[in-house]
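Per chain, numbering begins at 1; letters A, B, ... match sequence-line order.
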Amino acid sequence: MPLSTRDVVGVLADNLRLRGSVLPISSRRATRWARDLSLPRGGETVLYTGTMYQLIPYIERLVRLEELLGDSRLARLSGLARRANRLVNAVAVVARPRPAEREEYDRVPANVARLLQLAGVEFGYLYEDDLYAGALAYDLGADEAVAAHARRIAGVFRAHGVREAITIDPHTTNMLRSVFPRLVEGYDVRVRSYLEVLADSSLPVRRKVGRGVVIHDSCVYARAEHVIEAPRHLLEAAGLDVGEPERSRAATWCCGGPAESLYPSKALAVASKRVEQLGEVAADCVTMCPICLVNLRKAANGRMSFRDISEYLLEASLGSDEARGPSPAPGTAPAAAPLARTW
Amino acid sequence: MTSGVLDPGLSDKLRQLGAFDAERCMSCGICTAICPMGISTLPRRVMRLAALGLEDEVRAQREAIFSCLLCRACEVSCPAGVHIADNVRLLRSWLLRGEL
């Protein structure tokens with residue numbers, strides 16, 4: 001029996017209202033990725049993470065708990081859990097990912113910051129004011145809580161004098177670029193994905209990666225924000241042979257992630273179907289959304305390798321494996337070409 | 001279709017929450033054929049129930065409505081240009097009114 005939609009959405013909306021995120025983690029955890037980068041605070045152009053990648057290890061833990069609770073009699077106590085969560089932040093109590101899990105996902109915003117620096121883009125960071133943008137609560141229909149949260153973020157942008165936000169995931173891009181203008185009067189912040197920014201820049205390539213991969217388009221990037229060509233342009237310039245799966249670009253097949261907070265088994269079925277489609281093209285898949293990354297990895301269960309696009313791009317730009325993560329890469333062996341160029 | 005309370009004002013209630021446009025649906029069923037979730041009522045039948053104002057019938061589809069991925073695969077194939085994902089999101093907001 002799935003958990004009550006009323007109680008699950010209620011907890012998420014309560015958290016957004018009371019603690020500024022659907023899954024509140026400390027600002028120390030959310031900003032840890034930036035501690036060695038000496039990024040300037042604020043500025044007219046900021047890198048806005050929306051904490052999406054940083055939240056993924058906590059989401060994974062909570063979904064595992066939900067899968068257990070959904071099949072037990074404890075599911076009937078979800079209303080009680082919601083009331084308790086208003087008093088005590090349940091995420092801090094029940095979701096405790098291991099440091100290695102946190103570090104893997106924290107590496108993505110750090111990768112993006114380094115790529116932007118290599119491309120000569122000047123930007124700041126809002127640190128503890130870099131807030132979750134509210135995508136999950138918005139998608140689930142918690143409109144009042146999301147509207148208030150959007151006004152809060154718009155106020156943060158005004159207070160810091162932010163005129164442009166560079167985002168790192170499709171859901172934050174969509175909220176800041178397409179949803180907030182409908183919710184906040186006078187909102188006029190320019191919003192671009194870092195992929196769009198890099199595609200328009202002169203990011204150096206010091207070593208061609210030389211590997212065959214299959215690309216998985218995020219539904220939100222491809223169909224809502226029309227970010228389709230930029231990632232392909234960047235990957236091909238980095239020396240990757242980009243394969244297209246059965247459903248790609250604007251016809252991409254969902255990773256199932258949006259259903260995970262309420263119906264994890266349904267999400268897994270959709271993700272499994274997508275893994276089959278991707279696996280027919282290559283054993284290494286490049287993703288550009290944290291939700292896609294975690295859901296496809298889980299469905300593949302080690303049969304394929306999934307990596308965030310920032311890792312491939314940084315590997316090519318630095319000419320080293322510095323950005324590569326610990327997960328296995330069962331695909332074709334790399335054949336690096338030592339050719340420097342820019343795009 | 002089973003018994004239901006016909007409420008011609010349901011569309012108006014949904015439009016107060018946002019740009020609800022399910023009345024444009026031609027009921028061709030392409031959206032249901034392409035939906036990754038494989039739920040028979042999603043999204044065509046849900047759109048029709050809402051457009052017809054069958055409030056009880058819509059409430060009975062609560063799990064289907066909250067199962068939608070909002071992935072918009074249906075939208076890019078819809079010949080009538082219905083904003084299906086936005087409509088589903090508005091139905092969620094309407095279902096949750098008074099519950100949050």
Could you list which of residues 79-91 of chain B have a heavy atom closer than 4.5 Å to any heavy atom of chain A, in residue-number order? Arg89(B)
Using a heavy-atom cutoff of under 4.5 Å, enumerate the residues of residues 93-100 of chain B that contact chain A, numbered in order, or state 'none'. Ser93(B), Leu96(B), Glu99(B), Leu100(B)
Heavy atoms under 4.5 Å from chain A: which residues of residues 21-33 of chain B carry them? none
Under 4.5 Å heavy-atom distance to chain B, tell me which part of Leu140(A) shows up: side chain, backbone, both or neither. both
Determine whether Arg247(A) and Ile34(B) satisfy the following criterion, side-chain contact (heavy atoms from CB on, under 4.5 Å), listing intermediate values before the conclusion. CA-CA 11 Å; Arg247(A) 303 283 301 270; Ile34(B) 208 166; 4.0 Å; yes
Sort out for me which of Arg62(B), Arg72(B), Glu75(B) touches chain A most, counting heavy-atom pairs under 4.5 Å. Arg72(B)
Rounded distance (nearest 0.5 Å) linking atom OG1 of Thr5(A) with atom CZ of Phe66(B): 5.0 Å
Less than 4.5 Å to any heavy atom of chain B: does that hold for the side chain of Ala259(A), its backbone, both, or neither? both
Go through Gly257(A), Cys219(A), Ala145(A) and name the one with the most non-hydrogen pairs under 4.5 angstrom from chain B. Cys219(A)
Hits for side chain to side chain contact (heavy atoms under 4.5 Å, CB included) against Lys266(A), two or more places apart or cross-chain, chain-then-number order -> Tyr263(A), Met37(B), Ile39(B), Glu63(B), Ser67(B)
Go through the atoms of Val270(A) and report whether side chain, backbone, both or neither lie under 4.5 Å from a heavy atom of chain B. side chain
Counting only non-hydrogen atoms closer than 4.5 Å, does Ala142(A) touch chain B with its backbone (N, CA, C, O), its side chain (CB onward), both, or neither? both
Side chain proximity check, Pro258(A) to Leu70(B), heavy atoms < 4.5 angstrom: no
